[in-house]
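To start, the structure under review is shown below, and the notes come after it.
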Amino acid sequence: MARGTKRRRSQIEKPVVNRDDTIEVDEDAAVGDSQVAVTKAYARLAGIRRGIATIDLADDNFVCGRGSDESPVNYNFSSASHDVGLYRFISKIQFAISRDSETRRIHLHDHSRNGTLVNQEMIGKGQSRELNNGDLISIGIPALIIFVFETTDEGQYPEELTKKYHVTSHSLGKGGFGKVLLGYKRSDRSVVAIKMLNTQFSTRCSRAIAKTRDIKNEVEVMKKLSHPNIVGIYDWISVTKYSYMVIEYVGGGEFFTKVVDPKYNRMGLGESLGKYFAFQLIDAVMYLHSVGICHRDIKPENILCSDKTERCVLKLTDFGMAKCSVMKMKTRCGTPSYNAPEIVANESIEYSPKVDIWSLGCVLFITFSGYPPFSEEYTDMSMEDQVMKGRLLFHSQWRRITIETQNMIKWMLTVEPAKRPSAVELMSTDWMKCADCRSARQDIDQNQRNQKVPVQAVAAQKDTNNNDGEKRVVPAL
Ligand SMILES: Nc1ncnc2c1ncn2[C@@H]1O[C@H](COP(=O)(O)OP(=O)(O)OP(=O)(O)O)[C@@H](O)[C@H]1O
């Protein structure tokens, strides 16, 4: 059945009830949105996989599983029986949830052979674990997330946020301003990243030059953008102390981690893979500049990978420093080792979006060779001098890289901005007309097609078995 299609009441499987509790099924609920409602709920199991109901918990004990005459349960997963990939993992009694009437602490007790996981950690048959607001509950394997556990009495997050999104306790990462949490849209259960920014720390102080972060500007910039190699924004909710940016979930981690992955032996990713990524990044920057935006902080840490595969799609993120490039740009910002000479030079010189090409040149230098072009660690010269002179050291790593590629990188790292190429010029070179670039284009298109498919959770690692013809992908968190 297609998502969102309403089922008649007679088609909805009622939960098996083995006590006198009143458990009502929402008459109009679709399979994906069905809600088992009870009064005075202290918590909720929010179903985030298709066919899994959202269950209000009001009693001190609640049992889930396939159930049987001998093993009655409160919720029997029958609405998910079509989901073979999941259903085969569910035991007659999967898990129970109990609340201590005195302490009010809530625990999950695992009763299943295949196991139940909380926040991707296996609990194990006969074992228990305390549940906290936002915890993820999976069945059998970490990727089979079915519920987000939500307490109803907590004002941990603002209502403006929680009425639209399930906010989980799973942290995707930390930045200078706060953390990034995994979330799900209530409307279609698709996965999102929720970036929590503490607005009281107004100065960006992590890996970049200190500068007041203008979150409103960051959001305005992101709202203007739509490109497969740029992280999309869905929502922005700002309350007193925190701002919440709800953005596209990109599950493969920072590009930085890939570049320094020991499997590449500090030799860089090589010609073919390097060009595959170069195409994506140049395309992203060409688009940005075409809509009049200058990123001003391009570096491997601000590029995310769609997944953990070698040839993944890259997404440029973190527009905290971005600026509309038709306005005068003079501010010294960005990250020193990726900053163009005209930024390093002095405050009073106006600069252009070509600063992004320089930073991109630095990113590609390290991508192809495994070491940065400019660094404080090169003690023969101050980093400022290295940048101002455009001093590049081509070590042995470059022996396996073609002269054409070396020349392209040198061109991007031209000290004089007027002689440095634009993204359009880069894209129109023969260097960009290669099999790796064409394959990058195809993979980007495929990635976009996958994203348009309604899924419970996105992050294409591997397909699960399912018998409803829907392409489904599993999150690898
Ligand atoms: N869209 C996303 N999807 C998945 N994970 C993300 C996403 N955005 C960020 N992360 C994770 O969170 C981490 C911190 O995010 P980010 O760098 O954007 O925060 P920040 O506050 O802007 O950091 P900085 O202080 O470097 O500017 C990232 O390294 C990444 O691991």
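In each ligand, atom 1 is the first atom listed, and ligand 1 is the first ligand listed. Only this structure's heavy atoms are used, side chains among them; waters, hydrogens and symmetry mates stay out.
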### Query
Are any of the N/O atoms in G251 less than 3.5 Å from those in ligand 1?
no
### Query
Less than 4.0 Å between a side-chain N and a carboxylate O, is that true for E425 and R420?
no
### Enumerated ligand 1 atoms positioned under 4.0 Å from heavy atoms of E254
28 (C), 29 (O)
### Query
Can a cation-pi geometry be assigned to K195 and Y244, taking NZ or CZ under 6.0 Å from the six-membered ring centre and within 45° of the ring axis?
no
### Message
Whether the S112 and N114 side chains hold a donor-acceptor pair (N or O, under 3.5 Å, no angle test) is what I'd like checked.
### Response
no
### F277 ring center within less than 6.0 Å of F255 ring center
yes
### Summary
So for L172 against ligand 1, with non-hydrogen atoms under 4.0 Å, the contacting part is both
### Message
Taking 4.0 angstrom as the limit and counting only heavy atoms of A193, give me the atoms of ligand 1 inside it, by number and element.
### Response
1 (N), 2 (C), 3 (N)
#### Entry: K179 near ligand 1 by a heavy-atom separation under 4.0 Å
no
### Query
Do F279 and W431 have their ring centres less than 6.0 Å from each other?
no
### Query
With no hydrogens and no angle check, do the side chains of S272 and R311 hold a donor and an acceptor under 3.5 Å apart?
yes
### Query
So is T317 in contact with ligand 1, going by heavy-atom distances below 4.0 Å?
no
### Ligand-residue contact atoms, ligand 1 with E248, heavy atoms, under 4.0 Å
1 (N), 2 (C), 3 (N)
### Task
Would you please indicate if the ring centroids of W358 and Y351 are separated by under 6.0 Å?
no
### Task
For atom 7 (C) of ligand 1, state which one of T335, V250, D318, L304 supplies the nearest heavy atom.
L304
### Distance flag, aromatic centroids of F394 and Y371, threshold under 6.0 Å
no
### Task
State whether the shortest distance between N or O atoms of K299 and N or O atoms of ligand 1 falls below 3.5 angstrom.
no
## Note on the structure
Nearest non-hydrogen contact to atom 10 (N) of ligand 1 from the set T257, V246, V180 belongs to V180
### Task
Please determine if E301 has a nitrogen or oxygen closer than 3.5 Å to a nitrogen or oxygen of ligand 1.
no
### Message
Can you check which of K195, K315, K174 brings a heavy atom nearest to atom 18 (O) of ligand 1?
### Response
K195
